[in-house]
There are 2 protein chains.
Amino acid sequence: MLKKRITLKDIARETGVHVSTVSRALDPVERKNITEEVVKRIQAAADALGYRPNRIAAGLRTNRTMSVGVMIPDITNLIFPPILRGIESVLEPLGYASIIVNTDSDRDREVRLIDVLRDRGVDGIIHAAVLRSDPSIAKAAQDGLPVVTLNRKVEFSDIPYVINDEDAGICQMLRHLRELGHERVAHIAGPQDLSTGQLRLAAFRNAADDLSVAVDEELIVTATRFDEQEGGRCLAALLSSGKAFTAVLCANDRLALGAIEALRERGIDCPRQVSVTGFNDMPLLELIRPKLTTVRIQQHGAGRAAANILLRLMNAETPSVDLETVLPVELVVRESTAPAPRLPLFPRPLS
Amino acid sequence: MLKKRITLKDIARETGVHVSTVSRALDPVERKNITEEVVKRIQAAADALGYRPNRIAAGLRTNRTMSVGVMIPDITNLIFPPILRGIESVLEPLGYASIIVNTDSDRDREVRLIDVLRDRGVDGIIHAAVLRSDPSIAKAAQDGLPVVTLNRKVEFSDIPYVINDEDAGICQMLRHLRELGHERVAHIAGPQDLSTGQLRLAAFRNAADDLSVAVDEELIVTATRFDEQEGGRCLAALLSSGKAFTAVLCANDRLALGAIEALRERGIDCPRQVSVTGFNDMPLLELIRPKLTTVRIQQHGAGRAAANILLRLMNAETPSVDLETVLPVELVVRESTAPAPRLPLFPRPLS
DNA sequence: CTGAAAGCGCTAACAA
DNA sequence: TTGTTAGCGCTTTCAG
């Protein structure tokens, strides 16, 4: 049996004033219009009875639930927990709760979950899902619900977004490889239906162009998922292309780890024979040998940034937030990159 | 400007019936008491207008928000995301949303967050925080709020809990080491204010007793956190004890990884010279060399189990759930354990 | 400064 | 089978 909760009415009865007075006395803003002595009496009674405001009831009345929805593809993906902590670090102290949902990058699920969140009356949504286009979130925004996207932008909309400077990251990495003397750099690209996969491939082409590195289309191979297995498969594909390369720039860390593993299986040493680079700087990378050279993106910071933008959207009547927030990235040079070998070891007969 | 939502009243106006009729027609249970034709008309109008029920309002009326609170120490800890997915996998299809909060294993935060969740009217709480005692969650349970704890039990209470069979895991691991010929097994224990730390240490003593392995108190050293750094520090402490050992059974994977790293730094080979074992089988372990021998616990399964128990607690008037659910664990033998060297390499002069 | 009253959107007795 | 009514707990006009 759920114990009855203390309500404003209980306090009103206890103190002999009207509920509306109690409501005012307990509201830090309205409190100033109440006699100090009365406020004190009410406060005391509230404390004594262990009063806790019912946010559901307040929400019904005010149309503000003090909760936000957070949509991510999959919480077990290592990059998302820090993002969530970042979001929480700004929202929680202000009294917001987050309802977190996993989309599994499934479009149907995504539209359904948006409805789920709206049904619960969230005051806003942070949308870190990564499908490249989705009308559902745009519709929610059009209906006036504050929305911020993370890691991606919704095309043809004025939904604010927070992204990491992928372009700069890829470019810095390619430059790093160039400085080590790598002339023939392969790219293992991510899934092209995910924004990061597509952005990083485009960035790779741009960077190559800027640095006057020739791009050999046969040295670009696209993974179907961001995981080690695909990294291994793509590396095998690169090898069997018969084209020479001395470095592999991968679209994320897991692809890179898979690639290094595949090299090892074939007796090819990273970084002595082939340099491999990642992207994201996911946790635990320090524990894996060779320590991966990668690009660190701000995960916690991205969460914070998105939350701050959402706050402004939710609270200001005239939002006036920047449409675009680009967070700087940082090159992290570790052990998986080394000077290019004098002679590329490929092509060579494969066992 | 938030676009006005369609309410029951709108549908009632549209179809010329009373709101309560609309409410019934849209409720799968009550629907059977309404003329089929009317139901159809109402359903059509609801669809046409894009009606979405307001769960806040319903919750206020029914005292059920269809949301549950989930308390964990820290979402960035690798073991929790799978647990959350497990919870979600049973609750989400039934229409429940989860409000996830991070306690950071801080007692004050923990009591505050329980209030936060109750203020939001959650129908129940799954509590995976790991402080060994806390009256706050017990109080919530006493007030009639359905509560299930995960990975730990609240002493002197009838709160149902789900735990992994730590005892069996530790025992199997110790037996595995014994079978490899290890006679002198050290233990790096986890923080003793966390239930897992304490349980596993107790299990280690029990197992040693059962298997007639002598326990040398100097070969038990306690970490202050479950991380690699502490694993390293504890290993150093073991070495400087001057006592011989050929294997280190660690209270979790991260401690084990830190220990192996510390061995490597000293030029000691794992597993040839010293075997090291972990606990949890956290993700990505396959990528780290030597691949860690560990005990796999059911994370997803634990989440599911806890959610199912909570469901029964929330829905049955006569709960009748088992107080204790113990999930089986599985020994995962990989590469960090090997036959004991003929002669223990310690003690020996330390550089 | 405080009280009265209305109402957020929905559900659930009770009536018809 | 449907309508009427009341009310969940709170905020917020409007009076006094």
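Labels below follow one simple rule: chain letters A, B, ... track the order of the sequence lines, proteins then strands, and each chain is numbered from 1.
- Ranked by how close their nearest DNA chain D nucleotide is to the 5' end, B:G16 and A:K9 are led by B:G16.
- Atom C1' of nucleotide C:dT2 and atom NZ of A:K32 are separated by 17 Å, given to the nearest angstrom.
- As a whole-Å value, the separation of A:R52 CZ from D:dC10 P is 12 Å.
- Here B:R24 contributes atom CZ and B:H18 contributes atom NE2; the two are 9.0 Å apart, rounded to the nearest 0.5 Å.
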For residues 37-48 of chain B, tabulate all N or O donor-acceptor pairs below 3.5 Å that involve a side-chain atom, not counting sequence neighbours.
residue, atom, partner, partner atom, Å
B:E37, OE2, B:R41, NH1, 3.4
B:R41, NH2, B:T15, O, 2.8

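- Checked for salt-bridge contact, A:R312 and A:D322 miss the test: no charged N lies under 4.0 Å from a carboxylate O.
- Following rounding to the nearest Å, A:R41 (CZ) and C:dC1 (C1') show an atom-to-atom distance of 13 Å.
- Going from atom CD1 of B:I11 over to atom C1' of C:dG9 covers 12 Å, rounded to whole Å.
- What separates CD1 of A:I56 from P of C:dG7 is a distance of 23 Å, to the nearest Å.
- Direction of the helix axis in the helix from C:dC1-D:dG16 to C:dA16-D:dT1 shifts by 40° between the two five-pair termini, rounded to 10°.
- Between the side chains of B:T65 and B:S67, at least one donor N or O lies within less than 3.5 Å of an accepting N or O.
- At the phosphate of D:dG3, OP1 or OP2 sits under 4.0 Å from a side-chain N or O atom of B:T21.
- Salt-bridge check for A:R112 with B:E92: passed, with a basic side-chain N closer than 4.0 Å to an acidic carboxylate O.
- With A:R109 contributing its side chain and A:N102 its backbone, the two residues share a donor-acceptor pair below 3.5 Å.
- A:D119 and B:R5 are joined by a salt bridge, as a carboxylate oxygen and a charged side-chain nitrogen come within less than 4.0 angstrom of each other.
- Within the nucleic acid shown, A:N33 comes within 4.0 Å of at least one base atom, counting heavy atoms only.
- Distance A:N63 CG to C:dC10 P: 12 Å, rounded to the nearest Å.
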Item checked: Nucleic acid footprint by protein, nucleotides 11-16 of chain C - heavy-atom cut-off 4.0 Å, B for base, S for sugar-phosphate alone -> BBB---

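- The pair B:R13-B:D10 meets the salt-bridge criterion, with a side-chain N (NZ, NE, NH1 or NH2) lying under 4.0 Å from an Asp/Glu carboxylate O.
- The distance between atom CZ of A:R64 and atom C1' of D:dC10, rounded to the nearest whole Å, is 15 Å.
- In this structure, B:L60 reaches the bases: a heavy-atom distance under 4.0 Å links it to at least one base atom across the strands shown.
- Remark: A:R31 CZ to A:L26 CG distance equals 7.0 Å, nearest 0.5 Å.
- Rounded to whole Å, atom P of C:dC8 lies 18 Å from atom CG of A:N54.
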